[in-house]
Trainee: 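One structure follows; several queries about it will come next.
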2 protein chains.
Amino acid sequence: MTATLPLTSDVLRTVSCVTTPKRPQPIPERGAGEGLKSVATALDVLECFAVDDELGVSDIARRLGIAKSTAHRLLTTLCSRGMTEKNPESGLYRLGMHLFELGQLAQARLRLRQLALPMLGELRAVTGHTVHLGVADGADVVHAERLDSPDSVRVMGTMGRRFPAHCTATGKVIAAFNPDFAEARRRAGFPPRTRMTIRTAADFDQALATTRRLGVGIVHGEAVIGMSSVAAPVRDLSGKAYAAISVAAPTLVLRPELERTSRLLISAARQLSRMAAG
Amino acid sequence: MTATLPLTSDVLRTVSCVTTPKRPQPIPERGAGEGLKSVATALDVLECFAVDDELGVSDIARRLGIAKSTAHRLLTTLCSRGMTEKNPESGLYRLGMHLFELGQLAQARLRLRQLALPMLGELRAVTGHTVHLGVADGADVVHAERLDSPDSVRVMGTMGRRFPAHCTATGKVIAAFNPDFAEARRRAGFPPRTRMTIRTAADFDQALATTRRLGVGIVHGEAVIGMSSVAAPVRDLSGKAYAAISVAAPTLVLRPELERTSRLLISAARQLSRMAAG
DNA sequence: TCCATGCGTTCCACTGAGCGGGACACTGCC
DNA sequence: GGCAGTGTCCCGCTCAGTGGAACGCATGGA
């Protein structure tokens, strides 16, 4: 059972917000986890594909420490439901389209996203930049929605991706107004992404203090060199942040507009907080 | 194991293209399915949420014909991995954010989508309308990508959704150039969506003949009243269609531009077919 | 107010389902 | 040709997953 926390509002559907025991990041941690063993192992198999695009039966068996026959059995079961697929060329397995279908359903039903969509569209229109909705999950932020800048040539595929809280504007601003979330990040550490990324708890705490003072989270090249973001927090009735909306653009473009963008974001996020709490 | 079919090209990652045994549409069909029983049941539980947003333990147990305790055990396991979540307000369960994460991964890795993205962007820019990439799956089309019209006010949530082949432009055009896919639809029947929807095999076959003659699939109000789409097929080396790209707009807007749009689509789809096959 | 009926959760004993080991065919490489 | 990989299949043991029953708690009607 996911530990039930004192979530005053339910707009954030992620129950497992901060206190999720562990979600394996680099290499799935086997056995750990409650409930049915075979089901848990099957989900571990899926998790393997979060790391690598395509994997073979033996590969997965080795990673999870299970018998080859077991891995094979799990994969055929997952395949029969479209959760994984077999690449006929390489003979390897990968994630299936049905997983995408179900995942889209999960996203489409996220209430916070439904509320945020019109405002995100407006923000994009006014700023002309890419906008995000990020929700806290564990020690990370998951991009629940992303509207690309109208003039962005290539559509990037970062939606649904998970980012450590210390290298994104959304992560910083949620951490600044949610001590539990910040603490989860401190425990998880500060993996570097670029040469600008925060690397120590001291720097992190200082960044959070700055964020609290400004009311917005800002990153310059801490996730991607040359890119900047600003984010404002979505908060529950107790004032605790559980999500954030952000605007992202090249640093050179965003820096001059920083103040105006911040004002827009704060106003939009405040409105969203009200709508979500009501 | 998903039956391996003679797929000449691998761009379509959906191995289970046409010959998928069955994917329960209205109510999950229990027990049927190879492999591990508990894993299969767990996936059935997920499938329940494709029908309803939120469900309780007893509800799911009743639907699947399993014991309440079993359903509860499955749900807690799924929850511990973020595949489902518990709504603390209602006490009911629903699909989880981690499912969204994994689903996004599956989509991002779809090779056909990667190839199509730039062309879809261009099509949207030139036509000013919403564009789709649909891939065949079973007797349906799954929208693997969707770029919204720049001037569309509200962003709709139809990406990742599954549509019966007989009421979409993409479905018609894939069926027209893929006899297996068309046959799968005939077997699955023709559920009505609007008063314009095709209802009989005879009408379906006639529509496919027209589609073959024009080279594009066209629907006027057959999925949504007042909306029209045109679609061109993406084909493998043998000429069999396995995906399609489409342009959608209000009927009144699209009708006058139908010929020009068709030409653009056919040219883009042809190019995409070459890139995917090469 | 009390009983009835629904819910979700927990426990427990039985048994059959899922486990690992091993055998097999196949491929590619030294 | 052997060797080291692979994916697939089979089989017997045993433990994991099953359903039933019991519990506490809501809700609602009599």
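The figures here come from the full heavy-atom set of this structure, side chains too, leaving out hydrogens, waters and symmetry mates. Letters go in sequence order (proteins before strands), and every chain restarts at 1.
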Trainee: When every nucleotide of nucleotides 18-25 of chain C is labelled 5' to 3' by its protein contacts under 4.0 Å (heavy atoms), B for base, S for sugar-phosphate only, - for none, what sequence of letters results?
Mentor: SBBB----

Trainee: Quick one: is D:dT6 close enough that its OP1 or OP2 comes under 4.0 Å of any side-chain N or O from A:Arg62?
Mentor: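 Checking D:dT6 against A:Arg62, a side-chain N or O does come within under 4.0 Å of OP1 or OP2.
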
Trainee: Check whether any side-chain N or O of A:Tyr93 sits under 4.0 Å from OP1 or OP2 of D:dT8, and answer yes or no.
Mentor: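 Result: yes.
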
Trainee: With each end axis built from five pairs of C1' atoms, what bend angle do you get for the helix from C:dT1-D:dA30 to C:dC30-D:dG1? Round to 10°.
Mentor: 30°

Trainee: Check whether B:Arg185 reaches the backbone of B:Ala139 with its side chain - one donor and one acceptor, N or O, closer than 3.5 Å.
Mentor: yes

Trainee: Test of understanding: with salt bridge (charged side-chain N to carboxylate O under 4.0 Å, His left out), list the residues that count as partners of A:Arg186, not counting sequence neighbours.
Mentor: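 Partners of A:Arg186 by the salt bridge (charged side-chain N to carboxylate O under 4.0 Å, His left out) criterion, ordered by chain and then number, come out as A:Glu183, A:Asp205.
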
Trainee: I'd like to check the side chain to side chain donor-acceptor pair (under 3.5 Å) partners of B:Asp59; sequence neighbours left out, ordered by chain and number.
Mentor: none

Trainee: Taking only residues two or more places apart in sequence, or in another chain, which ones meet B:Thr170 in a side chain to side chain donor-acceptor pair (under 3.5 Å)?
Mentor: B:Thr168

Trainee: Given D:dG7, is OP1 or OP2 found less than 4.0 Å from the side-chain N or O atoms of A:His72?
Mentor: no

Trainee: In whole Å, I'd like the distance from the CG atom of A:Asn87 to the P atom of D:dT6.
Mentor: 17 Å

Trainee: A:Ser58: what forms a side chain to side chain donor-acceptor pair (under 3.5 Å) with it, not counting sequence neighbours?
Mentor: none

Trainee: For A:Gln271, enumerate each residue passing the side-chain contact (heavy atoms from CB on, under 4.5 Å) test, keeping only those at least two apart in sequence or located in another chain.
Mentor: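 For A:Gln271, the residues satisfying side-chain contact (heavy atoms from CB on, under 4.5 Å) (neighbours in sequence not counted) are A:Met119, A:Arg274, A:Met275.
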
Trainee: Please list, chain by chain and in numerical order, all residues satisfying salt bridge (charged side-chain N to carboxylate O under 4.0 Å, His left out) with B:Asp52, sequence neighbours excluded.
Mentor: B:Arg63

Trainee: What residues form a ring-ring contact (aromatic ring centres under 6.0 Å, His included) with B:Phe177, not counting sequence neighbours?
Mentor: none

